[in-house]
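Okay, structure first, notes after.
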Amino acid sequence: MPRVKKEEQVEKKPRKKAKPIQTVKGMKDILPPEQFIWDYILHNSRKICQDFGFGRIETPILENTDLFKRGVGQATDIVEKEMFSFETQGGDNVTMRPEGTAGVVRSYIENGMSRWSQPVRLYYEGSMFRYDKPQQGRFREFHQFGAEVFGEEGSAIDAQIIYLAWKIFQKLGLRDVSIQINSIGCPTCRNKYKKLLTDYYDMKINKLCVDCKRRLEKNPMRLLDCKEEKCLQVAAGAPQIIDNLCDDCNTHFKSVLEFLDELEIPYVLNPSLVRGLDYYTRTVFEIWADGDEGESRQAALGGGGRYDGLVELLGGEPTPAVGFSFGVERVADKVMKMGLDLEPKVVKDVFLVQLGDMARKKVMKIFDKLVDNNILVGESLGKGSIKSQLRTANKVRAKLALIVGQKEAIDGTVIIRDMDSGMQETVILENIVEDVRRMLKG
Ligand code: HAM
C-alpha cells in the first residue's frame with residue numbers, strides 16, 4: 001500500500017464547521033426588503049406628526065429601573081415579569097425601556113419643558129424591550145412610533161391624539177382598523193369603582209383563573225380584559241366604569257366622543273378596555289385590526305390615552321398629558337399583507353462597463369467622480385464579460401454605458417455608448433463628468 005504523506009492526511013480531514021450563532025430569542029433582523037415597508041411607515045408617520053406641530057425627541061434605551069417601577073406601575077405585567085433589568089458595573093439598577101412614555105416624561109421634567117410654550121408636542125420612535133413569551137406579533141425587542149402632548153387638559157387634545165393616530169393608519173392605507181375607546185376615570189371615581197369591582201369578583205372568586213385570583217387584590221381592573229373563557233363570562237356581568245364615572249370625568253369623556261363624531265372618526269365603545277399600564281386617567285383607546293377583536297392584547301396595533309398624574313408622580317409639576325404609540329412590527333405585518341409595491345425601481349443614468357484589472361481601477365475612479373456629481377451610477381465590477389455587463393445596464397435602464405477596456409485604460413479615454421441608439425463616442429477621461437452631462441441632456 002502506498003504511504004500517504006502527513007500533509008495529505010491533514011488535508012483530507014473534514015473541516016469542523018463552527019456552530020452558527022443565532023439572534024436572541026424573541027428578537028429579529030429587519031432585512032432590506034422589509035426596510036422598504038418600515039421606511040414607508042416611518043416616513044409617513046413622521047410627516048403627519050410634523051404637520052401637526054410635533055417635534056422629535058430621542059431618549060436613551062437605558063433608564064433607571066425606578067422610572068418604570070414608579071411610572072408604569074409595580075403591579076403591571078410589564079414591571080412584574082417583563083423587564084430586561086440589570087445592575088451596571090457601577091452598581092446602578094437600570095432597565096431597557098419597555099415603552100416610550102415614561103422616558104419622555106422623565107425628559108420633560110429633567111429638561112424643564114414646563115417652561116416651554118405649552119402644549120409641548122413630541123414624537124419618537126425606537127426599540128422597546130419586554131421579556132414576554134414570543135409569539136405571532138409579539139417580540140422581546142420591538143419598535144414603537146409614538147406621540148405625546150403635555151400641558152393641555154381639554155378633551156379636544158384627547159380627540160386630536162386619536163385623530164393623529166387615525167390619520168397615520170389611513171395614510172398608510174390601513175382602513176380595516178377600529179378605534180376601541182373607554183374612560184377609566186380619575187383616581188377618585190376609579191377607587192370607588194375598584195371597590196365595587198372587587199366586591200363583585202370576590203363573590204365569583206371560584207370561577208376565576210389562577211392569574212386573575214392573584215391580580216384581584218392588586219389590580220382588579222386587569223381582570224376585565226383577561227382572555228380566559230371562564231373569566232370572560234364573569235367579566236360580562238361586572239359593573240362598568242362608564243356607569244361609575246364622576247361628573248367631571250363623564251363630561252370629559254362625552255366631549256371626547258363628540259369631537260370624534262365631528263371628525264367622523266368611527267369608534268367602538270369598549271367597557272372592558274383598561275390597558276396594561278397604571279398611569280392612565282380618563283380616556284384610553286386602542287387601535288385594532290378588524291377581525292382581531294377576540295385577542296386585543298396580542299393584536300392591538302397601537303394604544304394610548306390620557307395620563308394626567310404621571311408627570312407629578314415622576315417628580316414634576318402637576319401636568320396633564322395624553323399620547324399614543326403603535327407597534328411598528330405589527331403595522332409592518334399589516335402593510336405587507338396589503339401587497340403594496342414599495343420597492344423603489346432601480347434606475348441608473350449611467351452604467352460602468354470594464355474589461356481587465358487596469359480598466360477596473362479606472363472605472364472605480366469614474367464611479368467616484370460621477371457619484372460626487374449626483375449622477376446615478378451602476379456597475380458590476382465583479383463581472384468579466386462585456387456582454388453580461390451590458391445586459392445589467394439594460395436591466396437598470398441606464399441611458400449611457402461607459403466602457404473602459406485595456407486600450408482606453410492606457411490612453412486615458414472612455415467609450416460612451418447611448419444605450420437606445422447604440423451610437424458610441426470616445427471621450428477623454430479627465431472631462432468625463434461634462435461629457436456625460438452633455439450626452440444625458442442630448
Ligand atoms: P402599549 O399598548 O403597551 O402602550 O404598546 C403600544 C403598542 O406597542 C401595542 O399596541 C403593540 O402594537 C406594540 N407592542 C407592545 N408590546 C409588543 C411586543 N411584545 N411585541 C410587538 N409589539 C408590541 C404603550 O407602550 C404606551 N406607552 C402607549 C402610550 C403612549 N400611551 C400614552 N402614550
Side-chain angles (χ1 to χ4, degrees), residues 25-28 30 41 45 49 54 57 59 63 67-68 71-73 76-79 81-84 96-108 120-150 157-158 160-162 164-165 168-169 172 174 177-182 184 222 225 273-289 292 295-311 320-335:
K25 189 173 174 189
M27 308 200 174
K28 63 172 191 149
I30 304 141
I41 295 169
S45 306
C49 281
F54 283 70
I57 183 167
T59 61
E63 296 275 5
L67 176 70
F68 303 111
V72 174
T76 57
D77 283 353
I78 294 179
V79 171
K81 50 189 183 189
E82 293 174 3
M83 296 212 296
F84 280 86
M96 294 167 78
R97 62 181 178 199
E99 59 100 52
T101 309
V104 175
V105 172
R106 188 223 11 89
S107 177
Y108 178 87
V120 173
R121 296 184 160 94
L122 303 166
Y123 76 93
Y124 54 91
E125 55 194 67
S127 288
M128 311 288 155
F129 301 84
R130 294 186 192 174
Y131 195 82
D132 208 345
K133 198 169 155 216
Q135 51 189 276
Q136 173 66 21
R138 192 178 296 184
F139 305 97
R140 289 186 174 170
E141 181 187 15
F142 61 98
H143 297 73
Q144 283 186 349
F145 184 96
E148 317 285 352
V149 182
F150 295 91
I157 302 293
D158 306 42
Q160 197 186 36
I161 262 294
I162 297 172
L164 176 78
I168 290 177
F169 281 85
L172 296 178
L174 295 171
V177 295
S178 69
I179 306 278
Q180 308 277 320
I181 190 167
N182 193 18
I184 56 167
R222 286 300 300 180
D225 75 348
L273 188 76
V274 292
R275 309 272 299 131
L277 305 103
D278 273 0
Y279 49 62
Y280 291 110
T281 48
R282 297 191 163 169
T283 317
V284 287
F285 67 97
E286 283 186 353
I287 299 124
W288 290 3
D292 289 340
E295 305 177 35
S296 70
R297 262 213 83 208
Q298 283 91 324
L301 297 174
R306 187 164 270 287
Y307 50 95
D308 289 344
L310 188 58
V311 178
V322 57
F324 97 104
S325 73
F326 68 78
V328 183
E329 284 79 0
R330 292 188 190 175
V331 169
D333 185 58
K334 295 284 171 207
V335 170

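For reference, positions follow the sequence shown, starting with 1. One-based numbering, in listed order, for ligands and for the atoms of each.
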Based purely on interatomic distance, does Leu301 place a nitrogen or oxygen under 3.5 Å from a nitrogen or oxygen of ligand 1?
-> yes

Using the ring of each side chain (for Trp, its six-membered ring), is Phe150 parallel, tilted or perpendicular to Tyr108, with breaks at 30° and 60°?
-> parallel

Short N or O distance, Arg275 and ligand 1, threshold 3.5 Å exclusive | yes

Assign the ring pair Phe145 / Phe326 to parallel, tilted or perpendicular, where the plane angle (0 to 90°) is split at 30° and 60°.
-> parallel

Any N or O on Arg130 sitting closer than 3.5 Å to an N or O of ligand 1?
-> yes

Are Tyr307 and Thr101 close enough that a side-chain donor and a side-chain acceptor fall under 3.5 Å?
-> no

Mark yes or no for whether Arg330, through its side chain, and Gly137, through its backbone, hold a donor-acceptor pair below 3.5 Å.
-> yes

Report the part of Arg138 in contact with ligand 1, treating N, CA, C, O as backbone and CB onward as side chain, heavy atoms under 4.0 Å; options are side chain, backbone, both, neither.
-> both

Ligand 1 atoms in contact with Gly137 (distance to a heavy atom under 4.0 Å) | 20 (N), 21 (C), 22 (N)

With heavy atoms under 4.0 Å as the rule, classify the contact between Tyr280 and ligand 1 as side chain, backbone, both or neither.
-> side chain

Step through the shown structure and confirm whether more than 12 heavy atoms of other residues, nucleotides or ligands are within 6.0 Å of OH on Tyr131.
-> no

Purely on distance, is any nitrogen or oxygen of Ala300 under 3.5 Å from one on ligand 1?
-> yes

Ligand 1 to Phe142 polar contact by distance, N or O atoms, under 3.5 Å = no

N/O to N/O below 3.5 Å, does that happen between Phe139 and ligand 1?
-> yes

Which of the numbered atoms in ligand 1 are below 4.0 angstrom from a heavy atom of Tyr279?
-> 26 (C), 27 (N), 31 (N)

Selected option - heavy-atom contact closest to atom 24 (C) of ligand 1, from Gln144, Glu141, Met128 = Gln144

Pick one of side chain, backbone, both or neither for how Glu148 approaches ligand 1, counting any non-hydrogen atom pair under 4.0 Å.
-> side chain

Which of the atoms in ligand 1, numbered in the order shown and given with their element, are less than 4.0 Å from a heavy-atom of Thr101?
-> 26 (C), 27 (N), 29 (C), 30 (C), 31 (N), 32 (C), 33 (N)

Out of curiosity, is Gly146 lining ligand 1, as in a heavy atom under 4.0 Å away?
-> no

What residue and atom, counting heavy atoms only, is the protein's closest point to atom 27 (N) of ligand 1, and at what distance?
-> Glu99 OE1, 2.6 Å

Mind checking whether Tyr124 has an N or O less than 3.5 Å away from an N or O of ligand 1?
-> no

For ligand 1, find out whether one of its N or O atoms is nearer than 3.5 Å to an N or O atom of Gly327.
-> yes

Flag the pair Ser127 / His143 as yes when at least one side-chain heavy-atom distance between them is below 4.5 Å, and no otherwise.
-> yes

